[in-house]
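Since we're looking at a predicted model, the values are computed, not measured.
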Amino acid sequence: MKERLFRPGADSRPFLTELAKYYDKRQKEVGVRITQLTANKYHRLLRYLREYTRVQYEKDDLPLSLVDYEYIDGFNTFLQTAHNCNNNGAVNLLCCLKNFNPLRHPQRMDRKESVPALQNEDR
């Protein structure tokens with residue numbers, strides 16, 4: 001992970017800050033494109049990710065370039081252990097994370113590409 005901190009060209013935008021902006025955008029869509037329950041999932045996702053990042057990495061935020069399979073898999077385990085989320089609950093939150101565009105391709109906002117860590121291997 002340390003090698004990636006100094007990668008040239010890596011996306012250095014703060015992950016949780018960008019996700020908070022995305023949450024604010026989604027919150028404004030309540031009643032128009034999404035329900036309040038969906039907005040609540042994004043809020044819960046952001047809250048749990050902040051907690052996970054503080055516990056696991058001892059930081060308040062990470063660059064987008066460090067959000068990889070290892071991070072997401074660790075977050076999934078964190079959800080299931082620290083918050084007693086069953087598999088379906090964790091998957092629901094991870095689906096919200098999958099919809100966060102900068103994770104699909106950090107350098108370009110290309111909708112055709114997605115995070116490999118969130119793809120279903122059975123396909």
Side-chain angles (χ1 to χ4, degrees):
M1 187 175 247
K2 287 182 183 178
E3 302 88 41
R4 287 181 289 181
L5 281 172
F6 302 106
R7 260 192 333 198
D11 195 342
S12 62
R13 290 180 293 165
F15 168 59
L16 296 174
T17 303
E18 292 293 319
L19 187 62
K21 290 178 191 174
Y22 182 71
Y23 164 71
D24 290 339
K25 175 187 167 204
R26 299 299 290 187
Q27 185 63 40
K28 291 175 186 170
E29 296 173 347
V30 171
V32 179
R33 294 185 62 198
I34 64 172
T35 65
Q36 185 61 51
L37 289 174
T38 302
N40 292 347
K41 277 194 268 185
Y42 283 97
H43 176 70
R44 193 168 51 251
L45 170 68
L46 181 59
R47 189 181 54 187
Y48 289 165
L49 280 168
R50 283 182 175 148
E51 182 182 343
Y52 171 68
T53 303
R54 276 193 301 272
V55 168
Q56 189 69 26
Y57 296 91
E58 298 177 353
K59 295 190 178 284
D60 290 330
D61 209 341
L62 293 174
L64 271 168
S65 60
L66 294 182
V67 179
D68 58 1
Y69 178 82
E70 178 185 338
Y71 180 87
I72 294 169
D73 187 50
F75 177 62
N76 184 27
T77 302
F78 173 78
L79 287 173
Q80 293 180 10
T81 55
H83 289 283
N84 296 322
C85 284
N86 60 23
N87 187 54
N88 290 343
V91 168
N92 282 335
L93 290 176
L94 290 174
C95 284
C96 290
L97 183 60
K98 182 175 93 171
N99 292 331
F100 179 51
N101 244 354
L103 288 180
R104 293 182 177 208
H105 196 285
Q107 298 300 323
R108 298 182 342 232
M109 299 292 192
D110 189 357
R111 301 203 92 204
K112 294 179 182 176
E113 298 185 36
S114 61
V115 176
L118 298 177
Q119 289 178 347
N120 188 350
E121 293 179 10
D122 297 332
R123 290 184 192 178

Evaluate whether atom CG of Asp60 has more than 12 neighbouring non-hydrogen atoms of other residues, nucleotides or ligands under 6.0 angstrom away. no
How many angstroms lie between atom CZ of Arg13 and atom CG of Asp61, to the nearest 0.5 angstrom? 12.0 Å
State whether the number of non-hydrogen atoms from other residues, nucleotides or ligands found under 6.0 Å of Gln36 atom CD is greater than 12. yes
Please name the pair of heavy atoms, one in Ala90 and one in Cys85, separated by the smallest distance, quoted to 0.1 Å. N-CB, 4.1 Å
Apart from Val30 itself, its cluster of hydrophobic side chains linked below 4.5 Å comprises Ile34
How long is the straight-line distance from CG of Leu97 back to OH of Tyr48, given to the nearest 0.5 Å? 15.0 Å
Is any NZ, NE, NH1 or NH2 atom of the basic residue among Glu51 and Arg54 found under 4.0 Å from an Asp or Glu carboxylate oxygen of the other? no
Would you check if Tyr71 and Leu62 make a side-chain contact, meaning some heavy-atom pair closer than 4.5 Å? yes
Can you spot which of Tyr22, Tyr42, Tyr23 makes a ring-ring contact (aromatic ring centres under 6.0 Å, His included) with Phe100? Tyr22
At what distance, to the nearest 0.5 angstrom, does CG of Asn88 lie from SG of Cys95? 10.0 Å
List the steps and the verdict of side chain to side chain contact (heavy atoms under 4.5 Å, CB included) for Tyr57 and Leu66. CA-CA 11 Å; Tyr57 296 91; Leu66 294 182; over 6 Å; no
With sequence neighbours left out, write down each residue that passes salt bridge (Lys or Arg N to Asp or Glu O under 4.0 Å) with Glu29, or none if nothing qualifies. Arg26, Arg33
Interatomic distance, Lys98 atom NZ to Leu94 atom CG [nearest 0.5 angstrom]: 10.0 Å
Enter the distance from Asn92:CG to Leu45:CG here, rounded to the nearest 0.5 Å. 11.0 Å
Count I, L, V, M, F, W, Y as connected when their side-chain heavy atoms are under 4.5 Å apart, and connections chain through other members. Are Val91 and Leu19 then in the same cluster? no
Side chains of residues 72-80: which donor-acceptor partners sit under 3.5 Å, not counting sequence neighbours?
from: Asn76; atom 1: OD1; to: Gln80; atom 2: NE2; distance (Å): 3.2
from: Thr77; atom 1: OG1; to: Asp73; atom 2: O; distance (Å): 3.2

